[in-house]
There are 2 protein chains.
Amino acid sequence: MPARLAQSAFTMFSRHGIANVSLDQVASHAGVTKGSVYWHFKSKDELIKAACVHYYRNTHRQMNAEIAPVRDPLKRLERALRRSVRICLLDEENRVFTMDIWSLSLRDPEVRRGWGQFYDSVREFYMGLVQAAALSGQMKIDDPERAVNLMLEAIEGIKLRAMFEPQICSPREESEIVKSLLEILGCGKPAARAA
Amino acid sequence: MPARLAQSAFTMFSRHGIANVSLDQVASHAGVTKGSVYWHFKSKDELIKAACVHYYRNTHRQMNAEIAPVRDPLKRLERALRRSVRICLLDEENRVFTMDIWSLSLRDPEVRRGWGQFYDSVREFYMGLVQAAALSGQMKIDDPERAVNLMLEAIEGIKLRAMFEPQICSPREESEIVKSLLEILGCGKPAARAA
DNA sequence: CGCGTACCATACCGGCCGGTATGGACAAGT
DNA sequence: ACTTGTCCATACCGGCCGGTATGGTACGCG
């Protein structure tokens, strides 16, 4: 039941924003009442943190599932990137949730720490993919850590740009962006660098 | 007085977050009371939008002042980048305000539109700098628009990374980041691209 | 069967804050 | 001097929501 409440909290938070969701609504969505919420969590903040953990786990699970069926290192990297970009471009609920968590992180050190660890794990995830691709000789990269950091920064920026320029949320743009990210990683530049 | 209220609103919002600041506090900071606020603005949302406009204007003013004393195109670009990066790394109040505005943008189309126009102007600003540098032959760039977009995305990402990894907020990292951004723009790669 | 315990529903409180209603100070116009 | 309009202070309302207090139900256990 705690997991179910965390799930409901995440869903409602993602849909309407954390500040606009009361504990009554979360409880109602989970089929219980506020009394039950306060039995399992001692405050709204605790519930928010539980929703974050739910989000972290889900993200990792889906990301691993995305690259699982592919063996080729470069294709795995590209698949992961494509999924990240697609979420940034299209998943509006993801935007709502992450934005609110970022705002919260500014004032709640615990939330900030949790999200920071999540980012670390994402970085490690991509570092693994990049190094695998580099080992297989499919790409060459001078400073992997720095390149991955720069790429991750760009991904977050894309999420923001998608908010204010919905017109970039097309499959064509998606491919373009993925290509740009691969270029940051030192890969690609297939024809543009011809001159 | 409306300008003064907008200024006070921006200051308070930046310090404590929009949701945590009541109109009484804003009025008190400006030396008046809520009655005056509701005389000049018909709601808190209006005041928030006024604070945004204040922020846009200030940013443009300071940015232009930053590059004004320099003539060399490439140095102007680098100076602008350095300032943008520094704000992302160090200006915590800027983070608070922008985060809250981003969250608001998700639900208020008017706020979103305003911020989108602001971003457009920033892009134009950097496009001008990049094209000037390109015309002077100091850098060569295939697709300026695309490169500038990618760079701006990375800048926003840096603001986020600085939240969760305060250790990157050093002058040394600042220079590194500026160098990375210049590389995105097609400039630099001083020795790394030797191979 | 009595009893404690885990889990959940109901009812209620109280503070905060956006918004309003009202009145007063002060200047300008006639 | 009287009105009118601007600008601001004071007082107050009312809803929302986090949090609590309490009661009820089912189950396990001796």
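The figures that follow rest on heavy atoms only: side chains count, while hydrogens, waters and symmetry mates do not.
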Distance check needed: [N] [atom2] versus [X] [atom1], whole Å only.
X: A/Leu47; N: D/dC17; atom1: CG; atom2: P; value: 15 Å
X: B/Met12; N: C/dG18; atom1: CE; atom2: P; value: 12 Å
X: B/Asn20; N: C/dC17; atom1: CG; atom2: P; value: 8 Å
X: A/Leu5; N: C/dC8; atom1: CG; atom2: C1'; value: 11 Å
X: A/Leu23; N: C/dT10; atom1: CG; atom2: P; value: 17 Å
X: A/Lys34; N: C/dC12; atom1: NZ; atom2: P; value: 13 Å
X: B/Asp24; N: D/dC13; atom1: CG; atom2: C1'; value: 14 Å
X: B/Glu46; N: C/dG19; atom1: CD; atom2: P; value: 10 Å

In the structure I gave you, are the side-chain heavy atoms of B/Leu129 and B/Leu81 within less than 4.5 Å of one another anywhere?
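In short, these two side chains do not touch, never coming nearer than 4.5 Å.
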With a non-hydrogen cut-off below 4.0 angstrom, is [X] in contact with a base, only sugar-phosphate, or nothing?
X: B/Val21; result: sugar-phosphate
X: B/Ser22; result: sugar-phosphate
X: B/Val37; result: nothing

Just by distance, with hydrogens left out, do A/Arg146 and A/Asn149 show a side-chain donor and acceptor under 3.5 Å apart?
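Per modelled atom types, A/Arg146 and A/Asn149 side chains form no pair under 3.5 Å.
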For C/dA6 and A/His40 - does any side-chain N or O of the residue sit under 4.0 Å from the phosphate oxygens OP1/OP2?
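For C/dA6, OP1/OP2 do not have a side-chain N/O of A/His40 under 4.0 Å.
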According to a strict under-4.0 Å criterion, is B/Trp39 in side-chain N/O contact with OP1 or OP2 of D/dC8?
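Checking B/Trp39 against D/dC8: no side-chain N or O falls below 4.0 Å of OP1 or OP2.
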Which pair of non-hydrogen atoms, one from A/Arg82 and one from A/Ser175, has the smallest distance, and what is that distance?
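Shortest heavy-atom contact: NH1-OG, 3.5 Å.
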Proximity of B/Trp115 and B/Tyr55 rings by center, below 6.0 Å:
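Yes: the rings meet the under 6.0 Å criterion.
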Under the 3.5 Å rule, do the base of D/dG19 and the side chain of A/Lys44 count as making a donor-acceptor pair?
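Side chain to base: no pair below 3.5 Å.
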Along DNA chain C (nearest heavy atom to each residue), the more 5'-positioned of B/Lys42 and A/Met1:
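Going by which nucleotide is closer to the 5' end, it is A/Met1.
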Carefully, step by step, assess A/Glu156 and B/Glu156 under the rule side-chain contact (heavy atoms from CB on, under 4.5 Å).
CA-CA 7 Å; A/Glu156 293 305 331; B/Glu156 293 306 330; over 6 Å; no
